[in-house]
Amino acid sequence: MSLLRLLLLVFFTLAPTLALAYDVLLLQSMHDKGYDEAVRGFKRDYRGSVRRIVLTDYVELDLTRINREEHPKLIVAVGDRALDLAQKQHATPVIYMMALNAKPHRVAGGVTMLLDPGKYLSVLEALGCERVGVLYDPARSGAYVKRAVTLAARSRVKLVLREVHAPKETPAMLASLKGKVDALWMLPDTTAVSPVSTEAFFLFSQAERVPVVTFADVYLSMGGAVALTIDRHDIGRQLAELAQNVLDGGQLEESGAPPRKVVTRTNEGVVRQLKLNPLAGH
């Protein structure tokens with residue numbers, strides 16, 4: 001066998017292995033504008049090798065085989081479905097982002113989609129609202145609300161809590177707040193805030209002349225006063241830092257970190273109509 005043929009044989013034998021050599025397996029639930037934005041942020045700051053798989057591109061995906069044969073050092077899960085699947089790969093550490101209902105079954109660090117409750121309390125305090133109504137499902141948002149109550153005790157804001165166990169309970173729970181609150185704080189809780197109950201928040205707001213501080217821009221057009229939202233691109237960048245830390249030998253935290261960057265948008269018409277304090281500095 002000539003030297004050239006031997007070299008070609010070695011090259012083609014190793015080529016598949018080289019092609020699949022990477023550090024991070026990025027597992028994305030589906031094609032989505034928000035997910036793609038977060039992934040762009042991740043790739044902007046993470047300089048290592050990445051293989052990206054979008055689950056909806058496959059009828060069936062044997063992730064266990066991929067993990068066994070390609071040996072990624074870390075799995076980055078984007079979205080709830082990807083996180084559920086990634087956590088079944090017990091030999092590989094997992095970090096996540098863009099997972100609204102993240103409930104890690106084992107140690108899996110990441111960046112949550114829930115902003116630090118202190119950010120909302122700061123805005124409510126700046127608006128001049130002291131009695132703030134909050135509807136929540138204890139099974140979904142109990143831990144978050146508990147943290148908010150602890151933080152509120154250090155401020156002028158008093159949270160008036162109402163538990164909701166099914167979406168149909170929301171209108172009645174809002175009615176129980178009549179005359180008792182200066183504002184509503186709308187949480188990203190899919191039991192308390194559902195497609196069938198969203199309108200009730202803004203009907204209450206108009207009737208009681210109290211602002212709604214919410215988590216998504218879309219609610220500003222429905223009558224919300226202020227929206228505090230996440231920056232998806234920055235969440236990706238934040239996760240890239242976490243990924244590098246894990247690959248450098250750092251330990252994963254059991255709970256996810258809140259997004260570090262907050263985007264605040266205001267419905268000026270509602271703020272003026274309700275004679276709220278301006279949000280200077282937010």
Side-chain angles (χ1 to χ4, degrees), residues 100 111-138 140-164 170 173-189 191-193 197-198 200-231 234-235 238 255-282:
L100 183 59
V111 181
T112 73
M113 294 182 71
L114 294 173
L115 295 173
D116 186 326
K119 303 290 186 183
Y120 286 98
L121 293 172
S122 175
V123 165
L124 287 160
E125 200 167 16
L127 289 171
C129 304
E130 296 187 354
R131 302 174 303 164
V132 177
V134 181
L135 274 62
Y136 73 106
D137 181 348
R140 292 185 180 277
S141 308
Y144 186 77
V145 170
K146 184 178 180 181
R147 188 176 168 207
V149 170
T150 300
L151 292 173
R154 305 171 194 165
S155 72
R156 293 196 302 272
V157 174
K158 178 184 178 183
L159 299 181
V160 184
L161 306 178
R162 292 290 185 273
E163 292 187 6
V164 176
T170 292
M173 289 297 103
L174 285 170
S176 75
L177 293 173
K178 286 183 179 178
K180 298 178 181 176
V181 296
D182 306 319
L184 291 176
W185 176 8
M186 179 187 277
L187 300 181
D189 181 310
T191 304
V193 183
S197 67
T198 301
F201 280 85
F202 301 102
L203 291 175
F204 182 93
S205 170
Q206 293 173 12
E208 295 292 304
R209 295 190 58 76
V210 299
V212 176
V213 174
T214 181
F215 58 90
D217 293 351
V218 65
Y219 296 123
L220 295 182
S221 62
M222 297 176 68
V226 179
L228 272 64
T229 65
I230 59 175
D231 183 321
D234 193 70
I235 284 178
Q238 189 176 347
S255 58
R260 63 189 175 188
K261 189 172 181 180
V262 181
V263 179
T264 304
R265 292 193 171 87
T266 304
N267 184 331
E268 295 296 341
V270 172
V271 170
R272 284 195 301 272
Q273 186 181 26
L274 297 179
K275 299 179 180 177
L276 301 169
N277 297 332
L279 285 179
H282 286 272

Could you grab the distance from atom [atom1] of [X] to atom [atom2] of [Y], nearest 0.5 Å is fine?
{"X": "E125", "Y": "N277", "atom1": "CD", "atom2": "CG", "answer": "11.0 Å"}
{"X": "R272", "Y": "T266", "atom1": "CZ", "atom2": "OG1", "answer": "11.0 Å"}
{"X": "M186", "Y": "F202", "atom1": "CE", "atom2": "CZ", "answer": "4.0 Å"}
{"X": "D217", "Y": "T214", "atom1": "CG", "atom2": "OG1", "answer": "9.0 Å"}

For [X], which residues count as a salt bridge (charged side-chain N to carboxylate O under 4.0 Å, His left out) partner, sequence neighbours excluded?
{"X": "R260", "answer": "D234, E241"}
{"X": "E130", "answer": "none"}
{"X": "D189", "answer": "none"}
{"X": "K261", "answer": "D231"}

(message) Between F201 and L174, does the side chain to side chain contact (heavy atoms under 4.5 Å, CB included) criterion hold? Intermediate values first, please.
(response) CA-CA 7 Å; F201 280 85; L174 285 170; 4.2 Å; yes
(request) Could you tell me which residues satisfy ring-ring contact (aromatic ring centres under 6.0 Å, His included) with Y144, sequence neighbours excluded, listed by chain and number? (result)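 Not a single residue meets the ring-ring contact (aromatic ring centres under 6.0 Å, His included) criterion with Y144.
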Min side-chain heavy-atom separation [X]-[Y] under 4.5 Å:
{"X": "P259", "Y": "T112", "answer": "yes"}
{"X": "L228", "Y": "V226", "answer": "yes"}
{"X": "I230", "Y": "L115", "answer": "yes"}

I'd like to know if the side chain of [X] and the backbone of [Y] have a donor-acceptor N/O pair within less than 3.5 Å.
{"X": "Q238", "Y": "V111", "answer": "no"}
{"X": "S141", "Y": "P138", "answer": "no"}
{"X": "S197", "Y": "A192", "answer": "yes"}
{"X": "N267", "Y": "L220", "answer": "yes"}
{"X": "T229", "Y": "A216", "answer": "no"}

(request) Take D182 and L124 through the test side chain to side chain contact (heavy atoms under 4.5 Å, CB included) and record every step on the way to the result. (result) CA-CA 10 Å; D182 306 319; L124 287 160; over 6 Å; no
Write down the atom of [X], the atom of [Y], and the distance for their closest heavy-atom approach.
{"X": "P211", "Y": "L276", "answer": "CB-CD1, 3.7 Å"}
{"X": "R209", "Y": "Q273", "answer": "NH2-O, 2.8 Å"}
{"X": "V145", "Y": "L187", "answer": "CG2-CD1, 3.7 Å"}
{"X": "C129", "Y": "V157", "answer": "O-CG2, 3.7 Å"}
{"X": "V132", "Y": "L184", "answer": "CG1-C, 4.4 Å"}

(message) If we check side chain to side chain contact (heavy atoms under 4.5 Å, CB included) with K119, which of these qualifies: V123, L121, D116?
(response) D116
(message) Out of the candidates Y136, F215, Y219, Y120, only one should pair with W185 under the ring-ring contact (aromatic ring centres under 6.0 Å, His included) rule; please name it.
(response) Y120
(request) May I have the step-by-step check of side chain to side chain contact (heavy atoms under 4.5 Å, CB included) for T170 and L135, ending in yes or no? (result) CA-CA 8 Å; T170 292; L135 274 62; 3.7 Å; yes
(request) Let me see the working for V210 and L274 under side chain to side chain contact (heavy atoms under 4.5 Å, CB included), right down to the final yes or no. (result) CA-CA 7 Å; V210 299; L274 297 179; 5.9 Å; no
(message) Please list all pairs meeting side-chain hydrogen bond (donor to acceptor under 3.5 Å, both in side chains) that have one or both residues in residues 154-163, counting only residues at least two apart or in different chains.
(response)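 Pairs touching residues 154-163 that pass the test: R162-S176, E163-H165.
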